[in-house]
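All remarks here apply to the structure that follows.
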Amino acid sequence: LWPWLLASSGLSALLQLVTLPFFPDSPSYLLIQKGNEEACRKAIRKLWGEGDHQAEVDDIMKEKGAMASTKTLRVLEVMQERSLRWQLYILMTVMTTLQLCGINAIYFYSFEVFHTAKFEEYLIPYVSLGVGLCECLSSILCSTLIDRFGRKVLLWGGYSLMCSVLALLTMTLSLQHRFFWMHYFSVILIFLFVVFYGIGP
């Protein structure tokens, strides 16, 4: 079953490959990058139907004017620009914590935790699939929560809950030989960690 599941991701790529030639080019790309206003209007009509789309063309022209007045910075210039320094620090912090938050370790050791929890060998791949499904569903949930609570609240909350879950997971893994139910608690914590990861970072 796993080879088929892995191969199924190729279906969406194949579908895109077949249908992409039939999609029109982006109107903004045609006008800003190519400078072809007629092709831009044709693409707009194809996307939005017949009608007066002068307002959309004017918006794209304004965007083109704004881009022309903006200087493109190289990586070194971005690092040296004082006005961008705080944004750069925040970006580096978020990306570093995202890489070091422990999600890769959870995925790597989850099979061992499921095995220790006495799951049948044939069930473990499906439980692992459930972990991935949890992350997918929690990411969808995050897209609905982000407008209500904001990115900062979700980041702080997600990382705080992930730290708590990792602390509990360390404790349950240390005590799993003393209490038989600790194995199952560890499995629940893995699922919780993945949910908090999907909602937060």
Side-chain angles (χ1 to χ4, degrees), residues 1-51 53 55-57 59-61 63-64 67 72 74-75 78 91-92 94-115 117 119-148 151 154-155 158-159 162 187-188 190-201:
L1 185 62
W2 279 106
W4 289 105
L5 285 172
L6 289 171
S8 66
S9 60
L11 290 175
S12 60
L14 183 63
L15 184 66
Q16 289 179 36
L17 188 65
V18 171
T19 57
L20 200 58
F22 301 101
F23 284 99
D25 286 321
S26 164
S28 57
Y29 165 76
L30 290 169
L31 189 56
I32 295 172
Q33 302 293 329
K34 296 290 187 181
N36 191 339
E37 188 173 337
E38 185 55 40
C40 170
R41 290 180 183 276
K42 186 178 176 183
I44 288 175
R45 285 195 298 271
K46 193 170 182 181
L47 287 168
W48 296 324
E50 295 296 329
H53 300 293
E56 286 81 4
V57 174
D59 285 342
I60 298 172
M61 290 297 288
E63 185 183 342
K64 184 179 182 181
M67 287 177 67
T72 304
R74 296 193 178 98
V75 176
V78 170
L91 182 65
M92 288 172 63
V94 169
M95 294 311 295
T96 303
T97 52
L98 188 62
Q99 292 299 316
L100 301 176
C101 69
I103 190 68
N104 293 326
I106 288 290
Y107 275 122
F108 186 78
Y109 289 109
S110 62
F111 185 88
E112 188 65 34
V113 173
F114 299 150
H115 186 75
F119 278 101
E120 295 290 339
E121 201 72 34
Y122 73 94
L123 282 176
I124 291 177
Y126 296 104
V127 180
S128 299
L129 189 64
V131 172
L133 188 63
C134 252
E135 183 179 350
C136 181
L137 292 174
S138 58
S139 299
I140 294 169
L141 177 63
C142 174
S143 64
T144 60
L145 294 175
I146 196 166
D147 290 330
R148 181 177 294 181
R151 189 74 180 137
L154 291 182
L155 276 173
Y159 279 124
M162 285 164 63
V187 172
I188 293 168
I190 285 175
F191 275 90
L192 281 176
F193 182 88
V194 171
V195 167
F196 295 146
Y197 172 79
I199 291 174

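When a residue number appears, it is its place in the shown sequence, counting from 1.
- Nearest heavy-atom pair across Gly198 and Cys142 is O-CB, 3.5 Å.
- Here the closest heavy-atom approach between residue Phe22 and residue Lys46 is recorded as O-NZ, 3.9 Å.
- Ring pair His53/Trp48 is tilted by interplanar angle, where 30° to 60° counts as tilted.
- Between Leu15 and Leu11 the shortest side-chain heavy-atom distance does not fall below 4.5 Å.
- Proximity of Val127 to Phe191: side-chain heavy atoms (C-beta onward) are separated by under 4.5 Å at one or more points.
- For the atom pair CD (Glu120) and OH (Tyr126), the distance works out to 13.5 Å, reported to the nearest 0.5 Å.
- Phe114 places none of its side-chain heavy atoms less than 4.5 Å from the side chain of Leu123.
- Residue Leu141 holds its CG atom at 11.5 Å from SG of Cys136, rounded to the nearest 0.5 Å.
- To the nearest 0.5 Å, atoms OG (Ser26) and CG (Leu47) are separated by 8.0 Å.
- Remark: Tyr109 OH is loosely packed, at most 12 non-hydrogen atoms of other residues, nucleotides or ligands lying under 6.0 Å away.
- A salt bridge (charged side-chain N to carboxylate O under 4.0 Å, His left out) check over residues 31-44, counting only residues at least two apart or in different chains, returns the pairs Glu37-Arg41, Glu38-Arg45.
- Contact detail for Val94 and Tyr159: the closest heavy-atom pair is O-OH, 4.0 Å.
- Between the CG atom in Leu31 and the SG atom in Cys40 there is a gap of 4.5 Å [rounded to 0.5 Å].
- Side-chain contact check for Cys101 versus Thr97: every heavy-atom pair is 4.5 Å or farther apart.
- Taking the side chain as every heavy atom from C-beta outward, Glu56 and Pro27 never approach each other to under 4.5 Å.
- Using a 4.5 Å heavy-atom threshold, the side chains of Tyr107 and Glu135 count as touching.
- Between the CD1 atom in Ile140 and the CD1 atom in Ile199 there is a gap of 12.0 Å [rounded to 0.5 Å].
- The side-chain heavy atoms of Ile106 and Tyr197, taken from C-beta on, include no pair separated by under 4.5 Å.
- How far OH of Tyr29 is from CG of Asn36: 10.5 Å, rounded to the nearest 0.5 Å.
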